[in-house]
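As the structure is a computational prediction, the values presented were derived from the model and not from experiment. As the structure lists them, so they are numbered: ligands from 1, and atoms in each ligand from 1.
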Amino acid sequence: MITASMQKLLNAQLNREYSSSYAYLAMAAYAESLSLVGFAHWLRTQHREELEHALKFYEYIHAQNGRVTLAAITEPRAEYASIFEVFQKVLEHEQFITRSIHEVYAAAEAEKDYATKTFLGWFVSEQVEEEAAAQLMVDRLAMIGESKGSLLYLDKEARKRE
Ligand code: OFO
């Protein structure tokens with residue numbers, strides 16, 4: 001079982017995963033509006049992964065005989081200055097998620113809630129990969145500057161994400 005305060009923290013994280021998912025879908029829609037279908041694919045894949053993350057929290061809370069409560073999802077931003085700005089926001093957002101996962105992990109540690117710590121360990125590792133993937137996109141987009149040809153090349157590369 002989990003404590004009431006841990007349940008609250010896990011539900012809040014579940015909500016953040018859904019909000020992330022929704023934000024990435026809005027970013028995908030922005031990329032679609034520019035006909036950058038490869039970046040849109042990358043962002044939709046990210047959207048789906050966040051849904052899976054949210055469900056992991058859902059299942060874990062229930063497995064611990066807790067109660068899932070769903071809160072409102074933040075309305076995502078629809079417009080951006082460029083695809084470069086989109087990926088800067090992806091990176092910032094993943095850094096924010098890393099901090100929030102670490103906070104829940106620290107709370108589990110303080111409560112000596114070893115099961116929740118073990119559950120969150122997967123997310124701690126996942127965040128290292130998520131930040132690295134976003135950082136790579138930011139670095140590459142920064143590298144190409146205003147070159148449309150290079151942007152289309154990166155768009156094609158982004159389409160390969162599984
Ligand atoms: Fe993008 O991260 Fe979920 O947890």
Side-chain angles (χ1 to χ4, degrees), residues 2 5-32 36-64 66-78 80 82-111 113-142 154-155 157-162:
I2 45 175
S5 68
M6 184 52 65
Q7 177 173 293
K8 198 170 166 193
L9 290 173
L10 292 169
N11 271 307
Q13 187 61 37
L14 183 156
N15 177 268
R16 281 193 281 275
E17 300 294 339
Y18 275 121
S19 291
S20 304
S21 171
Y22 210 37
Y24 292 141
L25 190 61
M27 288 175 181
Y30 169 77
E32 303 271 7
L36 293 170
V37 294
F39 291 117
H41 165 80
W42 194 102
L43 291 157
R44 283 184 62 175
T45 305
Q46 191 73 14
H47 153 75
R48 276 196 302 277
E49 284 194 4
E50 300 304 344
L51 289 179
E52 285 168 17
H53 295 173
L55 286 173
K56 279 183 192 283
F57 279 92
Y58 178 95
E59 284 160 12
Y60 179 72
I61 293 166
H62 283 144
Q64 286 284 35
R67 177 76 167 92
V68 166
T69 46
L70 299 178
I73 295 173
T74 317
E75 183 177 333
R77 184 174 156 186
Y80 291 88
S82 63
I83 205 74
F84 179 49
E85 191 196 8
V86 166
F87 280 94
Q88 285 177 309
K89 293 298 169 195
V90 171
L91 179 58
E92 274 174 28
H93 187 72
E94 288 304 326
Q95 289 165 340
F96 160 72
I97 293 293
T98 299
R99 286 194 297 277
S100 74
I101 294 278
H102 289 184
E103 277 167 24
V104 189
Y105 190 94
E109 198 159 56
E111 285 189 13
D113 179 347
Y114 302 117
T116 300
K117 262 181 73 175
T118 303
F119 166 71
L120 291 171
W122 183 88
F123 286 91
V124 171
S125 306
E126 175 72 4
Q127 283 311 116
V128 174
E129 282 179 28
E130 299 241 316
E131 283 193 31
Q135 184 73 61
L136 186 68
M137 296 299 274
V138 168
D139 291 347
R140 287 181 169 177
L141 285 163
L154 287 185
D155 184 61
E157 285 292 299
R159 181 73 186 81
K160 294 179 187 161
R161 180 175 178 181
E162 290 175 356

Show the numbers, then the answer: is there a salt bridge (Lys or Arg N to Asp or Glu O under 4.0 Å) between Arg99 and Glu94?
-> CA-CA 9 Å; Arg99 286 194 297 277; Glu94 288 304 326; over 6 Å; no

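- Tyr24 has its ring centre no less than 6.0 Å from the ring centre of Trp42.
- Which parts of ligand 1 touch Gln46 is read off a 4.0 Å heavy-atom cut-off, strictly below it: atoms 1 (Fe).
- Looking at Lys117 and Glu111, no side-chain N of the basic residue comes within less than 4.0 Å of a carboxylate O on the acidic one, giving no salt bridge.
- Ring geometry for Tyr58 versus His62: interplanar angle over 60°, hence perpendicular rather than tilted (30 to 60°).
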Take Met137 and Phe39 through the test side chain to side chain contact (heavy atoms under 4.5 Å, CB included) and record every step on the way to the result.
-> CA-CA 10 Å; Met137 296 299 274; Phe39 291 117; 3.5 Å; yes

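- Screening the protein for N, O or S atoms under 2.8 Å from atom 3 (Fe) of ligand 1 yields 3; no waters enter the count.
- When ring centroids are compared, Tyr105 and Phe123 stay outside the 6.0 Å threshold.
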